Amino acid sequence: MQFQASGSVGLGRQVQVQAVSDRLDDIHRQTLQGFRQNRQLVPQSTLDSAAIYVAKTRQVEQTVRNFLQKHVRASSWSKDGGQFKFEIGEADAVRIIDQWGRGVVYERQQGQVSSRLTPQDFAYFSRLQKRMQQVEQKTLTASKSQLEIS
């Protein structure tokens, strides 16, 4: 935002506020409008970034709980040579351990959350969630066809 002051007759001054878009030519104004419409291209505030990170970590936690409770039916799971070990415990306890050297990357215990999840971790858990949905869909389809045969 830019201000432009000009002299006037009398005691006061006239102040005119010029928006950024007022100072741009048509091509740059259209580019700016495009940026404003696409929030991914606009820098986010710290609060926006924190809220997005919290939402992603909640989704990861839900994916791990769902995986352990519905698919594995166990309180912990790790794959030989796999990157992560998952654990759920009493009440709301959840722990995700990176077995490739980073240690505990996510932990919820007694209402306290500690997270060191990275964008690569979020991508991993997103793929896991999609895979679980595919398995659930195949299971549902197979059980429906089994009922039709009976």
Side-chain angles (χ1 to χ4, degrees), residues 1-4 15-150:
M1 189 170 293
Q2 185 177 19
F3 297 94
Q4 182 178 22
V15 177
Q16 181 181 8
V17 178
Q18 292 182 322
V20 172
S21 59
D22 293 338
R23 294 179 281 136
L24 298 175
D25 58 27
D26 287 339
I27 294 172
H28 290 103
R29 188 175 297 119
Q30 288 174 351
T31 303
L32 178 63
Q33 293 292 336
F35 286 152
R36 286 180 177 163
Q37 289 173 358
N38 187 349
R39 288 205 30 100
Q40 291 181 340
L41 300 176
V42 176
Q44 296 178 337
S45 72
T46 303
L47 290 176
D48 287 344
S49 298
I52 290 168
Y53 187 84
V54 167
K56 287 181 178 180
T57 58
R58 283 186 188 144
Q59 185 61 48
V60 167
E61 180 179 337
Q62 187 60 39
T63 299
V64 169
R65 284 184 188 280
N66 189 16
F67 178 75
L68 289 173
Q69 293 171 344
K70 294 183 179 179
H71 293 271
V72 180
R73 293 190 170 99
S75 61
S76 69
W77 176 88
S78 67
K79 180 179 177 182
D80 288 337
Q83 183 177 1
F84 295 106
K85 177 179 181 181
F86 308 142
E87 300 174 348
I88 55 174
E90 301 282 324
D92 66 348
V94 175
R95 182 179 297 148
I96 303 170
I97 303 163
D98 181 336
Q99 299 183 123
W100 292 356
R102 292 187 299 152
V104 176
V105 292
Y106 182 85
E107 183 172 31
R108 174 186 292 274
Q109 192 164 353
Q110 298 174 347
Q112 298 293 321
V113 175
S114 169
S115 176
R116 295 186 300 128
L117 294 168
T118 65
Q120 293 82 10
D121 297 333
F122 292 130
Y124 173 92
F125 287 102
S126 178
R127 289 189 305 271
L128 176 60
Q129 181 183 21
K130 287 177 184 173
R131 180 68 183 130
M132 288 188 318
Q133 288 172 345
Q134 290 171 348
V135 167
E136 287 174 5
Q137 187 62 36
K138 286 180 183 177
T139 304
L140 184 61
T141 303
S143 64
K144 281 184 179 179
S145 63
Q146 187 74 9
L147 287 173
E148 291 174 2
I149 295 173
S150 300

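Just so it is clear, the structure is predicted and the values come from calculations on it, not from any experiment. Start at 1 with the first residue, then count along the sequence.
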Handout entry: Phe122 backbone acceptor or donor facing Ser126 side chain under 3.5 Å
Key =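 No, the answer is negative, given that no donor and acceptor are paired below the 3.5 Å cut-off.
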Practice task
Could you check Tyr124 against Val60 for side chain to side chain contact (heavy atoms under 4.5 Å, CB included), going step by step and ending with a plain yes or no?
Solution key: CA-CA 9 Å; Tyr124 173 92; Val60 167; over 6 Å; no
Problem - ring-ring contact (aromatic ring centres under 6.0 Å, His included) against Phe67, all qualifying residues, sequence neighbours excluded - result: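 With sequence neighbours excluded, Phe67 shows a ring-ring contact (aromatic ring centres under 6.0 Å, His included) to Trp77, Phe86, given in chain and number order.
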Do any side-chain atoms of residues 102-111 form donor-acceptor pairs under 3.5 angstrom with protein atoms, and if so which ones, sequence neighbours left out?
residue: Arg102; atom: NE; partner: Asp98; partner atom: OD2; Å: 2.6
residue: Arg102; atom: NH1; partner: Asp121; partner atom: OD2; Å: 3.2
residue: Arg102; atom: NH2; partner: Asp98; partner atom: OD2; Å: 3.1
residue: Arg102; atom: NH2; partner: Asp121; partner atom: OD1; Å: 2.7
residue: Arg102; atom: NH2; partner: Asp121; partner atom: OD2; Å: 2.8
residue: Tyr106; atom: OH; partner: Glu61; partner atom: OE1; Å: 2.5
residue: Glu107; atom: OE2; partner: Arg95; partner atom: NE; Å: 3.1
residue: Glu107; atom: OE2; partner: Arg95; partner atom: NH2; Å: 2.8
residue: Arg108; atom: NE; partner: Glu61; partner atom: OE1; Å: 2.8
residue: Arg108; atom: NE; partner: Glu61; partner atom: OE2; Å: 3.1
residue: Arg108; atom: NH2; partner: Glu61; partner atom: OE1; Å: 3.4

Exercise for the section: Give every residue pair that meets the salt bridge (Lys or Arg N to Asp or Glu O under 4.0 Å) criterion with at least one member in residues 124-142, sequence neighbours excluded. Expected result: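 Counting only pairs at least two positions apart or across chains, no salt bridge (Lys or Arg N to Asp or Glu O under 4.0 Å) contact touches residues 124-142.
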Practice task
Hey, could you give me the CD1/CZ distance between Ile96 and Phe125, rounded to the nearest 0.5 Å?
Solution key: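 If we round to the nearest 0.5 Å, Ile96:CD1 and Phe125:CZ are 4.0 Å apart.
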Exercise for the section: Drop me the distance from Thr57's OG1 to Gln62's CD, to the nearest 0.5 angstrom. Expected result: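 Separation between the atoms: 12.0 Å.
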Handout entry: Student check: side-chain heavy atoms of His71 and Val135 closer than 4.5 Å
Key =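 A side-chain contact exists here, since the closest heavy-atom pair is under 4.5 Å.
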Which residues pass the side-chain hydrogen bond (donor to acceptor under 3.5 Å, both in side chains) test with [X], sequence neighbours left out?
{"X": "Ser115", "value": "Tyr53"}
{"X": "Glu90", "value": "none"}
{"X": "Arg116", "value": "none"}

Practice task
Mind checking side chain to side chain contact (heavy atoms under 4.5 Å, CB included) for Gln59 and listing every partner two or more places apart, or none if nothing turns up?
Solution key: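 In terms of side chain to side chain contact (heavy atoms under 4.5 Å, CB included), with neighbours along the sequence ignored, Gln59 is linked to Thr63, Gln129.
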Problem - Pairing residues for Ser78 by the side chain to side chain contact (heavy atoms under 4.5 Å, CB included) criterion, not counting sequence neighbours - result: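 Counting only residues at least two positions away or on another chain, Ser78 forms a side chain to side chain contact (heavy atoms under 4.5 Å, CB included) with Lys85, Gln99.
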Practice task
Step by step, work out the side chain to side chain contact (heavy atoms under 4.5 Å, CB included) result for Ile88 and Gln69.
Solution key: CA-CA 9 Å; Ile88 55 174; Gln69 293 171 344; 3.8 Å; yes
Exercise for the section: Could you pull out the closest heavy-atom pair between Ser76 and Glu87, with the gap in Å? Expected result: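 Smallest interatomic distance, heavy atoms only, reads CB-CG, 3.9 Å.
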